[in-house]
Amino acid sequence: MRLSKLFFQTLRDDPAEAEMPSHRLLLRAGYVRQLGSGIYSLLPLGWRVTQRVEQIVREEMDGIGGQEVLMPVVHPADLWRESGRYDSVGPEMARFKDRGGRDMVLAMTHEEVVADLLREVIHSYRQLPVMIYHFQTKFRDEPRSRGGLIRVREFTMKDSYSCDRDAAGLNRSYQDHYAAYSRIFDRLGLRTVAVASDVGMMGGSQAHEFMVLNPAGEDVLVLCEACGYSANRQVAPVAVAAPPAEALLPVEEVATPHAATIADLAALLGVPESRTAKATFFVADDGRLVTAIVRGDFEVNETKLANALQARDLRPAHAEEITDAGMVPGYASPIGAHGTVVVVDRLAAGSPNLVAGANREGFHLRNVNAGRDFRPDLVTEIASVRAGDPCPRCGAPVELRNGIEVGNIFKLGTRYTEALGATYLGEDGERHPIVMGSYGIGLGRAVACIVEEHHDEKGIAWPPQVAPYPAHLVALGAAREPRVAETAERLYAAACAAGREPLYDDRDESPGVKLTDAELLGMPLIVTISPRSLAAGGAEVTDRASGARSVRPLDEVEALLADRAAGGA
RNA sequence: CGGGGUGUGGCGUAGUGGCUAACGCACGUGCUUUGGGAGCACGAGAUCGUGGGUUCGAGUCCCACCGCCCCGACCA
């Protein structure tokens, strides 16, 4: 591709709105353009990278027996009513009416369509297992997009769906995907860690997320260096031992002016935070006011709490809602409260004689014990793992890291097939629901993550497997020295003929512009042809990632450009 | 949805009530230049986010709305 013809534009200055390296560089190098919040166009270079990524994903999906299909973006709402998700999914799903007044949705995922296809196509156990997948646009009206391509509203996703006879088949499909995903991210040049995760809106029994470690990641991961344990903090169990039992002491009120936070309280009373109880308040989607009690040295884990309550949604409670239940924010405890579901963290319940709120401005109670002084509606684990807490598997201190989710795998089970009546006739002559799994990879997010991991201060440095072009030919001083243009044209033509079309900067630009653009654009190999290089016996070859450069004879350069396996300089 | 910020040629910015809205980059033409974002000259390009208001006069002050960014809430 000749740069003189390429639809692109590099920017000298960083666009003001871009903060993350991937966002900044993809914009500056002319790979993408923003149309609206969380809505991007892919320019030719960006589209080529995406296609390279897509092809790698396709090969690995085909490798585990996947069959590519294409399912629609616009679905009749009735389909989503059948699964119950038309009502359970919130405003992140775009809805509209067609001209006939029928309710329609823009698909944010395709379980329903797959289940619909299954009930039409699959009748017998002989047709199972089967796995289908597609690359399709998804629209999710996120409350807030962010981070350039990391979190967008419209994006392309590879989603695959395994369809098995039973749980054992699902396990195999799940393992196949797990292995395929590991190969995919490896090939993409992404170092990922697979973490056990929450099943969220998908439902199902088991899920893993493939995470790229990145400080800008929106998820917090619990990692153990000692044994390799890894989990999303949303689900990671707290393995902190309960303190030794003590005799339960009588409750005693103590004045604690201006001690509305745990830190202030602990300092004022001279007790460790672990000897206090912290109350936080939520309102569930069904209207229940939830009082969550964790030990003062822990934070509430909203995912665990929501799961414990079987609530779809939790929001922080307003002060009036807390007061209405007979509690005093800042000095609150369940003692004397009414009209609230009290959920106590396992560890808080197992820690005796804690300091808790007195429900009186400026006062706390010493020696509060769950069960004796108030009755919890539920005692279960609702606290989040902290950095340095013992690993739930081996006990070594765990580490907390942020991660970006680039892929996930879910065991769905029969939730959708039962709802939609997608069944097969088994060997036993009985009708059984098909057992499904669903597996996603966000392509744009993967591209952004690759840039996050493969860039320097000068620009992008694509791994060869995903680079839009294998090399970047730069002709310098061509106007002055006809041999430069001739040589560059010859190398370009030869590479194209070998099926390895490079980028070719044939523009009438100054050397500085061309060289900085080459580094910004990030092709793995930069080949510079100039009077100087010709005098030195050939062309200068620079490995973008390492910066290693050397002048090579022209026939060697020609072979390098044509060689599919060529990597470095 | 809460909090914060921001909106001026394609990009980055200046312009805190007063003449024809300024600068750098990018863009066009010509000449010069050619290994690290070149020089000179000429030129094109902005209803200053939108609507209302205050004022003799508004890019600038006030109100409302909209867009975008960040933090949080949210989230396969």
Side-chain angles (χ1 to χ4, degrees), chain A residues 9-20 23-24 27-28 30 33-39 85 89-93 108-111 138 140-148 150-153 155 157-159 197-204 207-211 216-219 232 234 282-283 285 302-303 306 312-316 318 404-412 437-442 445 458-459 474-481 484-485 507-520 526 528-536 539-540 542 549 551:
Chain A
Q9 161 84 137
T10 55
L11 304 175
R12 185 174 293 198
D13 302 304
D14 284 331
E17 72 274 10
E19 293 205 340
M20 290 189 72
H23 190 196
R24 240 178 43 228
L27 238 25
R28 271 192 57 202
R33 275 299 162 103
Q34 181 170 10
L35 185 60
S37 182
I39 306 178
R85 284 160 116 191
V89 173
E92 62 268 30
M93 182 159 72
M108 39 192 295
T109 176
H110 284 77
E111 283 76 18
K138 301 282 192 288
R140 293 181 190 176
D141 198 356
E142 301 283 355
R144 176 151 96 85
S145 50
R146 70 181 90 194
I150 297 294
R151 181 172 202 75
V152 294
R153 296 193 293 171
F155 56 99
M157 172 175 269
K158 182 287 298 178
D159 38 330
S197 70
D198 186 51
V199 293
M201 66 172 265
M202 305 294 310
H208 280 87
E209 293 164 337
F210 287 76
M211 296 284 193
E218 300 178 86
D219 288 272
N232 193 307
Q234 291 174 334
F282 301 89
V283 174
D285 50 291
E302 284 191 45
T303 305
R312 209 167 61 221
D313 191 42
L314 291 176
R315 64 159 172 85
H318 305 131
I404 299 170
E405 180 187 352
V406 285
N408 56 41
I409 56 179
F410 278 93
K411 287 187 183 175
L412 293 178
S438 91
Y439 316 85
I441 293 178
R445 185 178 283 190
K458 291 174 177 171
V474 181
L476 298 180
R480 188 163 36 101
E481 171 58 71
V484 168
R507 297 175 300 173
D508 183 21
E509 290 286 353
S510 71
V513 170
K514 292 185 172 191
L515 293 171
T516 44
D517 271 353
E519 284 157 340
L520 178 60
I526 300 172
T528 310
I529 300 132
S530 65
R532 186 204 284 181
S533 77
L534 291 177
E540 183 182 84
T542 306
R549 73 178 56 174
V551 175

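Numbers restart at 1 for each chain; the letters A, B, ... are given by sequence-line order, proteins then strands.
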Both distances under 3.5 Å, Watson-Crick or G-U wobble: report the partner of [N], or none.
| N | result |
| --- | --- |
| B:rC23 | B:rG12 |
| B:rG72 | B:rC1 |
| B:rU6 | B:rG67 |
| B:rA41 | B:rU29 |
| B:rA46 | none |

Could you measure the distance from the [atom1] atom of [X] to the [atom2] atom of [Y]? Nearest 0.5 Å is fine.
| X | Y | atom1 | atom2 | answer |
| --- | --- | --- | --- | --- |
| A:Q9 | A:L27 | CD | CG | 11.5 Å |
| A:D517 | A:R12 | CG | CZ | 9.5 Å |
| A:M108 | A:K138 | CE | NZ | 10.0 Å |
| A:E405 | A:I150 | CD | CD1 | 12.0 Å |

Interatomic distance where [atom1] belongs to [X] and [atom2] belongs to [N] [whole Å]:
| X | N | atom1 | atom2 | value |
| --- | --- | --- | --- | --- |
| A:E142 | B:rC1 | CD | C1' | 15 Å |
| A:E19 | B:rG5 | CD | P | 15 Å |
| A:F155 | B:rC75 | CZ | P | 15 Å |

A:D14 vs A:E405, nearer the 5' end of RNA chain B by closest nucleotide: A:D14
Earlier contact from the 5' end, RNA chain B, for A:L35 and A:R151: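 Result of the comparison: A:L35.
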A:E540 and A:S533 side chains, donor-acceptor separation under 3.5 Å: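 No - no donor-acceptor pair under 3.5 Å links their side chains.
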Below 4.0 Å: OP1/OP2 of B:rC69 and any side-chain N or O of A:Q34: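 The answer is yes; a side-chain N or O of A:Q34 sits under 4.0 Å from OP1 or OP2.
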A:R146 side-chain N/O to B:rG72 phosphate OP1/OP2 under 4.0 Å: yes
Reading 5' to 3' through nucleotides 30-37 of chain B, protein heavy-atom contacts under 4.0 Å coded B for base, S for sugar-phosphate only, - for none: ----BBBB
Taking the same atom, [atom1], in [N] and in [M], what whole-Å distance lies between them?
| N | M | atom1 | value |
| --- | --- | --- | --- |
| B:rU54 | B:rA64 | C1' | 15 Å |
| B:rG51 | B:rG7 | C1' | 16 Å |
| B:rG3 | B:rC63 | P | 16 Å |
| B:rG24 | B:rA38 | C1' | 15 Å |

Presence of donor-acceptor pair under 3.5 Å, side chain of A:R315 and base of B:rC1: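 Not at all, since no donor on one side and acceptor on the other fall under 3.5 Å apart.
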Min side-chain heavy-atom separation A:I441-A:F210 under 4.5 Å: no
Backbone N/O of A:D508 and side chain of A:K514: donor-acceptor pair under 3.5 Å: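 Checked: no pair found.
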